[in-house]
Amino acid sequence: MRASTVKNPAAEAPKPESNYLNNGHTIASWLLTKDHKRIAILYLISVTIFFAVGSFLAGLIRAELILPRGVMLENETYNKIFTLHGVVMIFFFLIPSIPATLGNFLIPMMIGAKDLAFPRLNLLSWYLYIIAGLIAIVAIAMGGVDTGWTFYAPYASMYSNSQVSLTIGAAFLAGFSSIFTGINFIVTIHKMRAPGMTWFRLPLYVWGHYSTSIIIILGTPVVAITLLMLLAERTLHLGFFSPELGGDPVLFQHLFWFYSHPAVYIMILPGMGVISEIITCFSRRRIFGYEFVAFSSLAIAGLGFLVWGHHLYVSGQSMYQGMVFSIITFLVAIPSAVKVFNWSTTIFKGSVRLQTPMAYALGFMGLFLVGGLTGLYLSSMATDIHLTDTYFVVAHFHFVMVGGAVMAMLGGVHFWWPKMTGKMYNEHLGKLSAAITFVGFNLTFLPQFAMGYLGMPRRYHYYYLWPDFQIYHILSTAGAFVLAIGYAMPAFYLLWSLKHGKDAGPNPWGAKGLEWTTPSPPPTENFTTIPIVTEEAYNYDPELAEREETLADMLEHDYSPEGAGN
Amino acid sequence: MPGSLLAQFNMPLMPEQASEFAKPYDSIFFATTALTVFFIVVVVIMITVFVIRYRHGVKADRSNAPTSHMLLEITWTAVPFILAMGMFFWSSYLFVQQRIPPKDAQEIYVIGKQWMWHIQHPNGIRENNELHVPVGKDIKLVMIAQDVIHSFYIPAFRMKQDVVPGRYTMQWFKATKPGKYPIFCAEYCGTQHSEMGGYVYVMSQADFDKWQANGGEKVKETDLTPVAQGKALFERYRCATCHVDADTERGPTLFGLVGKTRDFTDGSKKVADREYVRESIVSPEKHLVKGYDNTMATYKDDITEDQLLYLYEYIRTLGGPSRKPASAPAATNQTGTTR
């Protein structure tokens, strides 16, 4: 057993008596907290619940499609289920997931600050999010909504008889929640960095969030206004989008995608930040081309605003307009490619540890590669004609948003779990869940590319007109159930670790970064004294790392259920 | 036996190639696939090799690990850039071809409504959820929606176009292979979205002529051509009270209207096309012809999308730069149907 040859890092640091978790046990101390870490935990619990709800709805959709004429649902029910799946996953899970949980928890700690710039605003964000969620639940209870999460006019504004107005209200409030978070992050990153924490010493994770916050505060107000316009047309019959009232339905799509395409980058940029942190830590290497990775985040955020028209190639917009959007869409792929190359090269000459977060990060890279590259089919105009609004698109954006953002979210949760809770989880189960998720994900969504190319339109309840799609639906549904196991596992072993996990100590992974210099779980003030930063981020030495052993290494080599109980 | 179980399922790998676009489309599709697979393989191999070779505890040279390399960064920015631009031009070229129909393409009207495709052939034959076309002919679909946005999609032709209320959209094709291919509605349009579809029947010219001669095998609501129906509507709505063969005080003439440039009271100009004719009937106040006041009432609530198409077809025959005067085509049944 190698563990005996080195000191246990957990033993070095005395456990702090007071940390953010045990500083107040009442419900009020949680619901009225201004501590960014507690708010992060509130968000973590709420987004996990929404993820479970959204996943359950996805399971219903997949089960229904096993047979060409459906298994158990009515048309209307099916339409409401896929709409809710989209609304819940996008507005209540993917957009807030990484920023509101890991971002909230880590940004102040990574830059050496005691809290975010506006702690009360931060708490208000969470309340807006929860109220939005409750309104969404009321909308479901009152009959649900059947417009698709995109709310296309004039269907949503004039024709749908479901709870469109309430759902729009929920999305509107959730939008404000995310605007407040974005403002908070930008001000915090600008004004509250510790002495010596220059822009080019910022962890790339912070760069990812900075870029995301720019998108949030520029883009979200536009979708908020657009949704209000839709509401006004629906209730007051003001003519914006419906030709019967003198409006233009394609205008809605322009306004909607102006936000909703960049929103994809809201989901993925923080994820890329997580991956940058994990890859460097588990390769024990300074990231290759730090500046390129940092600026590629900003480039993605900037270019991301100029590509929305690629959703509209077949909408009736002019083909010259389409060409402008096409060329810019191709351009936005390039900073993403640069990131992937830089991550891959970072592993070169590293000292690679294949622990759970790294397993998720490698899984992310695989899935993001497929998701990103299949974007090329949709940015190029001719191929998009046939593929748009088919399962090819469904597969593509699930690879990016679920394969990418969710893998990164899970990787990040596994990476910072010891910091957030002070506990280590079962490493074997962690790696197993990463592997099951990866396999299940590919089995679910790879067949959908084939199905889409064959012509299976998305949002279809039935396909009896052309039942050839069935074999692919069956594969995909089987994959979804494997994927469900992969997603459910962490919920169990992570919760189990709260009680039975080994103490993590301040830095079980041997990682760099200010958040690892403070005890786990961190005290309410994060740092006893404000740190002074004297070195760049990721100042790892792979040769030195070969001779080091961390707590995580020891646990990996010596795990037994009995040992975990200690 | 797993083999026989699998054999129960048809596992097609690609949709049929049944239009002239399908082959060039698939060339781009497979070229993109080759590129995608290439990059995935390169990166996955790179990562796998690095992870194995530099695994913690494995002896390897880890000295002087590079942390940046300008030439490498420029290379892996420039190479994807060049490839992307190549794909952009190739793909846009085909897209433009798909969007500019040949001048003499046969027009067929498509009206999408919840939840059905109405199709109107120029000789009066109407179909629902079925489209019969001859093989090897340029066909142009002129499409509009009655209520919400739909999307007319024929995978075997590799073509799709949204069908939007309030504006005409268009797509064209030349079918290359007789057969029966599915039509889907690709834009979510409400409760029965997934049932809004049917089949396109591509027929040899001889079969098509026979089908046409039989009046499309079905009892039609009317055997009048669109032009004849337009003329009837023109009379029913008494359009000729104001619009006669020359400009009068009451209203500008519609003779020779289509294709002519109109001057408006607000100083703007517009070529009178399908879109303009529709707008002038539905919201006449939007573009007032120079010298005229806003005196025409809107027919918005009285008229359906089909009727608008018929009126346009009739107005188009009222003289003009490229059209003969009204008398000849306004005659009724030209299809030779037996009813």
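All values below were derived from every heavy atom in this structure, side-chain atoms included, with hydrogens, water molecules and symmetry-related copies excluded. Reminder, nothing fancy here: chain letters follow the sequence lines and each chain counts from 1.
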A.B. asks: Counting N and O atoms only, with roles assigned by atom type, does the side chain of A:His386 sit under 3.5 Å from a partner on the main chain of A:Tyr453, one being a donor and the other an acceptor?
C.D. replies: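 Side chain of A:His386 to backbone of A:Tyr453, a donor-acceptor pair under 3.5 Å: yes, one is there.
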A.B. asks: Taking atom NZ of B:Lys177 as the centre, does the number of heavy atoms from other residues, nucleotides or ligands within less than 6.0 Å exceed 12?
C.D. replies: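 Atom NZ in B:Lys177 is packed in, count exceeds 12.
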A.B. asks: Heavy-atom pairs under 4.5 Å with chain A: which of B:Met85, B:Met46, B:Met159 has the most?
C.D. replies: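 Among B:Met85, B:Met46, B:Met159, the one with the most close pairs to chain A is B:Met85.
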A.B. asks: Under 4.5 Å heavy-atom distance to chain B, tell me which part of A:Ser160 shows up: side chain, backbone, both or neither.
C.D. replies: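 The answer is neither part of A:Ser160.
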A.B. asks: Quick one: are A:Tyr462 and A:Tyr78 in side-chain contact, heavy atoms under 4.5 Å?
C.D. replies: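 When only atoms from C-beta onward are counted, A:Tyr78 and A:Tyr462 do not touch, as no gap falls below 4.5 Å.
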A.B. asks: Would you call A:Asp146 and A:Lys80 a side-chain contact if the rule is heavy atoms closer than 4.5 Å?
C.D. replies: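 Yes - at least one pair of side-chain heavy atoms lies under 4.5 Å apart.
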A.B. asks: Side chain, backbone, both or neither: which part of B:Phe184 has a non-hydrogen atom closer than 4.5 Å to chain A?
C.D. replies: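 When you check distances to chain A, atoms from both the backbone and side chain of B:Phe184 fall under 4.5 Å.
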A.B. asks: Let me know if B:Arg55 has heavy atoms under 4.5 Å from chain A in its side chain, its backbone, both or neither.
C.D. replies: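 Looking at B:Arg55, backbone and side chain both touch chain A.
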A.B. asks: Of all of B:Met70, B:Met87, B:Lys286, which one pairs up most often with chain A through heavy atoms under 4.5 Å apart?
C.D. replies: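 Counting heavy-atom pairs under 4.5 Å, the top option is B:Met87.
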A.B. asks: Give a yes-or-no answer on whether the side chains of A:Ser379 and A:Thr329 include a donor-acceptor pair shorter than 3.5 Å.
C.D. replies: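 A:Ser379 vs A:Thr329: no donor-acceptor pair found between side chains.
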A.B. asks: Under 4.5 Å from any heavy atom of chain A, what part of B:Phe21 do you find: side chain, backbone, both or neither?
C.D. replies: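 Contact with chain A: none, neither part.
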A.B. asks: Would you mind telling me which of B:Leu94, B:Val163, B:Ile149 has the largest number of heavy-atom pairs within less than 4.5 Å of chain A?
C.D. replies: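 With the most close heavy-atom pairs to chain A, the winner is B:Ile149.
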A.B. asks: Given heavy-atom pairs under 4.5 angstrom as the criterion, report whether the side chain, backbone, both or neither of B:Met196 touches chain A.
C.D. replies: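 The backbone, not the side chain.
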A.B. asks: Need one label for A:Ile347: side chain, backbone, both or neither, based on atoms under 4.5 Å from any heavy atom in chain B.
C.D. replies: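 The answer is both parts of A:Ile347.
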A.B. asks: Looking only at the aromatic ring of each residue, does the gap between the centers of A:Phe364 and A:Trp343 stay below 6.0 angstrom?
C.D. replies: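 A:Trp343 vs A:Phe364: aromatic centres under 6.0 Å.
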A.B. asks: Looking at chain A, which one of B:Gly198, B:Gly166, B:Ala156, B:Ser63 has the largest number of heavy-atom pairs inside 4.5 Å, strictly under?
C.D. replies: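 Max contact count across the listed options: B:Ser63.
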A.B. asks: Less than 4.5 Å to any heavy atom of chain A: does that hold for the side chain of B:Val42, its backbone, both, or neither?
C.D. replies: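 When you check distances to chain A, no heavy atom of B:Val42 falls under 4.5 Å.
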A.B. asks: Given the options B:Lys300, B:Glu187, B:Arg53, which has more heavy-atom pairs under 4.5 Å with chain A than any of the others?
C.D. replies: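 Max contact count across the listed options: B:Glu187.
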A.B. asks: Under a 4.5 Å cutoff for heavy-atom pairs, which residue among A:Ser242, A:Gly289, A:Ala153 has the most contacts with chain B?
C.D. replies: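 Winner by heavy-atom pair count: A:Gly289.
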A.B. asks: Is chain B contacted by the side chain of A:Gln355, its backbone, both, or neither, given a heavy-atom distance below 4.5 Å?
C.D. replies: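 Looking at A:Gln355, nothing touches chain B.
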A.B. asks: Counting neighbours of CD on A:Glu291 that are heavy atoms of other residues, nucleotides or ligands and sit closer than 6.0 Å, is the number greater than 12?
C.D. replies: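 Yes - once you tally the heavy atoms of other residues, nucleotides and ligands closer than 6.0 Å, there are more than 12.
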A.B. asks: Between A:Arg285 and chain B, which part of the residue has a heavy atom less than 4.5 Å away: side chain, backbone, both or neither?
C.D. replies: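 Contact with chain B involves the side chain of A:Arg285 alone.
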A.B. asks: Is B:Ile52 close to chain A through its backbone or its side chain, or both, or neither, when contacts mean heavy atoms under 4.5 Å?
C.D. replies: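 No part of it gets close to chain A.
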A.B. asks: In terms of heavy-atom proximity below 4.5 Å to chain A, should B:Cys189 be classed as side chain, backbone, both, or neither?
C.D. replies: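 The backbone, not the side chain.
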A.B. asks: Pick one of side chain, backbone, both or neither for B:Lys59, based on which atoms fall under 4.5 Å of a heavy atom in chain A.
C.D. replies: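 No part of B:Lys59 comes within 4.5 Å of chain A.
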A.B. asks: Just wondering, do B:Gln171 and A:Ile385 contact through their side chains at under 4.5 Å, heavy atoms?
C.D. replies: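 Not touching, per the 4.5 Å side-chain cut-off.
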A.B. asks: Side chain from CB out, backbone as N, CA, C, O: work out which of these in B:Glu16 comes under 4.5 Å of a heavy atom of chain A, or both, or neither.
C.D. replies: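 Neither part, no heavy atoms under 4.5 Å.
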A.B. asks: Answer yes or no: is there a side-chain heavy-atom contact under 4.5 Å between A:Glu74 and A:His461?
C.D. replies: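 No, side chains not in contact.
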A.B. asks: Does a sphere of radius 6.0 Å around OH in B:Tyr201 hold more than 12 heavy atoms from other residues, nucleotides or ligands, not counting ones at 6.0 Å or beyond?
C.D. replies: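 More than 12 heavy atoms, drawn from other residues, nucleotides or ligands, come within 6.0 Å of this atom.
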A.B. asks: Between A:Phe82 and chain B, with a heavy-atom cut-off of 4.5 Å, which part of the residue counts as in contact: side chain, backbone, both or neither?
C.D. replies: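 The side chain, not the backbone.
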A.B. asks: Measuring heavy-atom distances to chain B, does A:Ile279 have an atom under 4.5 Å in its side chain, in its backbone, in both, or in neither?
C.D. replies: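 Neither part; nothing is under 4.5 Å.
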A.B. asks: Determine the option with the most heavy-atom pairs under 4.5 angstrom with chain B, choosing from A:Asp248, A:Asn342, A:Leu312, A:Val250.
C.D. replies: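 Of A:Asp248, A:Asn342, A:Leu312, A:Val250, A:Asn342 has the most heavy-atom pairs under 4.5 Å with chain B.
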A.B. asks: Between B:Ile45 and chain A, which part of the residue has a heavy atom less than 4.5 Å away: side chain, backbone, both or neither?
C.D. replies: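 Neither part, no heavy atoms under 4.5 Å.
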A.B. asks: Give a yes or no on whether the backbone of A:Asn75 and the side-chain of B:Gln192 come within a donor-acceptor separation of less than 3.5 Å.
C.D. replies: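 Checked: no pair found.
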A.B. asks: Highest number of heavy-atom pairs under 4.5 Å with chain B: which of A:Pro243, A:Pro467, A:Ala382?
C.D. replies: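 Most heavy-atom pairs within the cutoff with chain B belong to A:Ala382.
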A.B. asks: With a 4.5 Å cut-off on heavy-atom pairs, point out which of B:Ala145, B:Gly190, B:Pro24 contacts chain A the most.
C.D. replies: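 Of B:Ala145, B:Gly190, B:Pro24, B:Gly190 has the most heavy-atom pairs under 4.5 Å with chain A.
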A.B. asks: Identify whether NZ of Lys or CZ of Arg in A:Arg69 sits under 6.0 Å from the centre of the six-membered ring of A:Tyr464 and within 45° of that ring's axis.
C.D. replies: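 Relative to the ring axis of A:Tyr464, which defines the angle, A:Arg69 lies inside both limits.
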A.B. asks: For B:Val51, which atoms come within 4.5 Å of any heavy atom of chain A: side chain, backbone, both, or neither?
C.D. replies: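 Both parts, heavy atoms under 4.5 Å.
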A.B. asks: Using non-hydrogen atoms only, which part of B:Thr169 is less than 4.5 Å away from chain A: side chain, backbone, both, or neither?
C.D. replies: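 The side chain, not the backbone.
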